[in-house]
Amino acid sequence: MMQGNALQDNSPRHRDGSAGDANYGTIGKGYANFRRPDPRIAELIDAALCEARTILNVGAGAGSYEPAGRTVTPVEPSQSMRAQRPAHLPAAIDAVAEKLPFEDAAFGAAMSTFSVHQWKNLNAGLSEMRRVTRGPIAIMTCDPQELDRFWLHAYCPEVIAVEAVRYPAIRDIAEGLGGTTDVLPVPIPLDCTDGFNEAYYGRPEMLLDPAARLACSAWSFVPDEVVRRFEDRLGNDLASGRWDEGHGHYRQRPTFVGSLKLIVNHI
């Protein structure tokens, strides 16, 4: 399936191979401990891939959401992330979204989860995904216009601002893929096992754990003094009960519909 004359990636990359703005050689070492795929979200992605038997996963990381029972080809530029893939998953290919080393229409479907905001050239990556895929493409990402629905905006607006700049607009993703696109909101379970920021909507204590924050790349772009201010404010509000007075209802809410979206594209 690999092209013998695949284009070489000559764009600057971090030492471990990370191709985006975040250096996963530094922040990604404990990623798999907190970013475990949630089975309810996995069901939505699996359904979006329809009956395809061969799946390309771009920005595959440690293997989250790769469907069982299908032939998955993962692509991941970061050596640190490739090393965290469980032994039962296929080894990931060192490549970037913008230059996929595969022939046209090589895969029945393609997927990408929490990755498009890392790509240096969104349109090039989307065009490549569509070029090598003959069926549906499922992309899970966050809508930058809806990030402020999460209570974290009141405690650390700097993190939300970072995310809003990094995540591409939903319409840009849809236009880059062409064809027909459905945008599905993804309900986040209260006990979500995938530790992105919004997953802790009803468990605020988790965001006081530096290791949990490190698994969310946006925190690596926030100055230390901002993080300390956030920790002090949230810690004090949790101790005093102030957080629960304003946001405690989230502790009993079974799901939260925030910025998380599943973009499903068909030719």
**Q** Salt bridge check: are Asp194 and Arg35 linked by an N-O gap of less than 4.0 Å?
**A**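 Yes, this pair counts.
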**Q** Should Glu103 and Arg131 count as an ion pair when the cut-off is N to O under 4.0 Å?
**A**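 Looking at Arg131 together with Glu103, the answer is no, because their closest N to O distance does not fall below 4.0 Å.
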**Q** State, yes or no, whether a side-chain contact exists between Arg171 and Gln145 at a heavy-atom distance under 4.5 Å.
**A**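 Contact flag for Arg171/Gln145 side chains = yes.
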**Q** Under 3.5 Å, is there a donor-acceptor pair between the side chain of Ser127 and the main chain of Asn123?
**A**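 Absent.
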**Q** Answer yes or no: are there more than 12 heavy-atom neighbours, outside Glu51 itself, under 6.0 Å from its atom CD?
**A**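 Not more than 12 within 6.0 Å, no.
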**Q** Let me see the working for Asp209 and Arg203 under salt bridge (Lys or Arg N to Asp or Glu O under 4.0 Å), right down to the final yes or no.
**A** CA-CA 11 Å; Asp209 183 343; Arg203 296 170 291 162; over 6 Å; no
**Q** Between the main-chain N or O of Pro90 and the side-chain N or O of Arg85, is there a donor-acceptor pair closer than 3.5 Å?
**A**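 Judged by distance alone, yes, a pair lies under 3.5 Å.
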**Q** May I ask you to decide if the ring planes of Phe114 and Phe196 are parallel, tilted or perpendicular, using 30° and 60° as cut-offs?
**A**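 Answer is tilted, since the angle falls between 30° and 60°.
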**Q** Using 30° and 60° as the class boundaries, would you call the ring planes of Phe150 and Phe256 parallel, tilted or perpendicular?
**A**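 Tilted, since the angle between the ring planes falls between 30° and 60°.
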**Q** I need the minimum non-hydrogen distance between Ala109 and Ala52, along with the two atoms involved.
**A**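 Distance-wise, the nearest heavy atoms are CB-CB, 3.5 Å.
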**Q** Taking Asp172 for the side chain and Pro168 for the main chain, is one N or O donor matched with an acceptor at less than 3.5 Å?
**A**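 A pair under 3.5 Å: no.
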**Q** What are the two closest heavy atoms between Met111 and Pro67, and how far apart are they?
**A**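 In this case the closest contact between Met111 and Pro67 is SD-CD, 3.8 Å.
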**Q** Drop me the distance from Ser64's OG to Met81's CE, to the nearest 0.5 angstrom.
**A**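 Going from OG on Ser64 over to CE on Met81, the span is 7.5 Å.
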**Q** Are side-chain heavy atoms of Arg229 and Glu158 found at a separation under 4.5 Å?
**A**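 The answer is yes, as the side chains (C-beta and beyond) meet within the 4.5 Å cut-off.
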**Q** Let me see the working for Glu66 and Asn57 under side chain to side chain donor-acceptor pair (under 3.5 Å), right down to the final yes or no.
**A** CA-CA 7 Å; Glu66 292 180 4; Asn57 186 13; 3.0 Å; yes
**Q** Report the C-alpha distance between Trp219 and Asn197 in whole Å, list the side-chain angles of each, state the deciding distance to 0.1 Å, and finish with yes or no for side-chain contact (heavy atoms from CB on, under 4.5 Å).
**A** CA-CA 10 Å; Trp219 290 95; Asn197 280 325; 2.9 Å; yes
**Q** Taking the side chain as every heavy atom from C-beta outward, state whether Ile139 and Asn265 have any atom pair closer than 4.5 Å.
**A**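 Of all side-chain heavy-atom pairs linking Asn265 with Ile139, none is under 4.5 Å.
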**Q** Please report the interatomic distance CD(Gln84) to CG(Leu89), rounded to the nearest 0.5 Å.
**A**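 Reported to 0.5 Å precision, the distance equals 12.5 Å.
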**Q** Are Ile55 and Thr71 close enough that some pair of their side-chain heavy atoms sits under 4.5 Å apart?
**A**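 The answer is no; the side chains never approach within 4.5 Å.
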**Q** Any donor and acceptor pair, going by atom type alone, linking the side chain of Glu76 with main-chain N or O of Asp94 inside 3.5 Å?
**A**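 No, because the side chain of Glu76 does not come within donor-acceptor range (under 3.5 Å) of the backbone of Asp94.
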**Q** Taking the basic N atoms (NZ, or NE/NH1/NH2) and the acidic carboxylate oxygens, is any pair closer than 4.0 Å for Asp46 and Arg70?
**A**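 Judged by the 4.0 Å cut-off on N to carboxylate O distance, Asp46 and Arg70 do form a salt bridge.
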**Q** Examine distances only and state if a side-chain atom of Arg213 and a backbone atom of Leu207 form a donor-acceptor pair shorter than 3.5 Å.
**A**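 Yes: the side chain of Arg213 pairs with the backbone of Leu207.
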**Q** State the CG-CG distance between Asp244 and Leu238, to the nearest 0.5 angstrom.
**A**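 One finds 6.5 Å between CG of Asp244 and CG of Leu238.
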**Q** Between CD of Glu198 and SG of Cys192, what distance do you get to the nearest 0.5 Å?
**A**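 That separation rounds to 10.0 Å.
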**Q** side-chain contact (heavy atoms from CB on, under 4.5 Å) with Thr141: which of Leu262, Val116, Leu260, Val186?
**A**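 The option that passes is Val116.
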**Q** Quick one: does any side-chain atom of Thr255 pair with a main-chain N or O of Pro187 as donor and acceptor, under 3.5 Å?
**A**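 No; zero donor-acceptor contacts below 3.5 Å.
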**Q** What's the verdict on salt bridge (Lys or Arg N to Asp or Glu O under 4.0 Å) for Glu43 and Arg40, showing C-alpha distance, side-chain angles and the deciding distance?
**A** CA-CA 5 Å; Glu43 288 181 1; Arg40 291 146 295 191; over 6 Å; no
**Q** Side chains of Val264 and Leu184: closer than 4.5 Å at any heavy-atom pair?
**A**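 Sidechains of Leu184 and Val264: in contact.
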**Q** Check Glu231 with Arg228, please: is the shortest side-chain N to carboxylate O separation under 4.0 Å?
**A**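 So Arg228 does not pair with Glu231 through a salt bridge.
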**Q** Taking C-beta and beyond as the side chain, do Met140 and Lys261 meet within less than 4.5 Å on heavy atoms?
**A**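 In short, these two side chains do not touch, never coming nearer than 4.5 Å.
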**Q** Quick one: does Ser220's side chain have a donor or acceptor within less than 3.5 Å of a partner on Ser217's backbone?
**A**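 Answer holds: yes.
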**Q** Is any NZ, NE, NH1 or NH2 atom of the basic residue among Arg149 and Glu146 found under 4.0 Å from an Asp or Glu carboxylate oxygen of the other?
**A**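 A salt bridge is present here (some side-chain N lies under 4.0 Å from a carboxylate O).
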**Q** Below 30° counts as parallel, above 60° as perpendicular, anything between as tilted: where do the rings of Trp151 and Tyr155 land?
**A**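 Ring orientation, 0 to 90° scale: perpendicular.
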**Q** Will you find, in the side chains of Asp143 and Ser259, an N or O donor that is under 3.5 Å from an N or O acceptor?
**A**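 Note: Asp143 and Ser259 side chains miss the donor-acceptor criterion.
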**Q** Say whether, by atom type as modelled, one donor and one acceptor occur between the side chain of Tyr65 and the main chain of Pro39 under 3.5 angstrom.
**A**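 Between the backbone of Pro39 and the side chain of Tyr65 there is no qualifying donor-acceptor contact (under 3.5 Å).
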**Q** Taking the side chain as C-beta and beyond, is there a heavy-atom pair between Tyr200 and Leu152 under 4.5 Å?
**A**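 Answer no - side chains too far apart.
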**Q** So, applying side-chain contact (heavy atoms from CB on, under 4.5 Å) with Glu128, which one of Thr133, Leu100, Val75 is it?
**A**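 Option passing the side-chain contact (heavy atoms from CB on, under 4.5 Å) with Glu128: Leu100.
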**Q** I'd like to know if Asp104 and Arg134 make a salt bridge, using a cut-off of under 4.0 Å between side-chain N and carboxylate O.
**A**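 No, Asp104 and Arg134 are not salt-bridged.
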**Q** Could you tell me whether the side chain of Thr73 reaches within less than 4.5 Å of the side chain of Thr54, counting heavy atoms only?
**A**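 No; the side chains remain at least 4.5 Å from each other.
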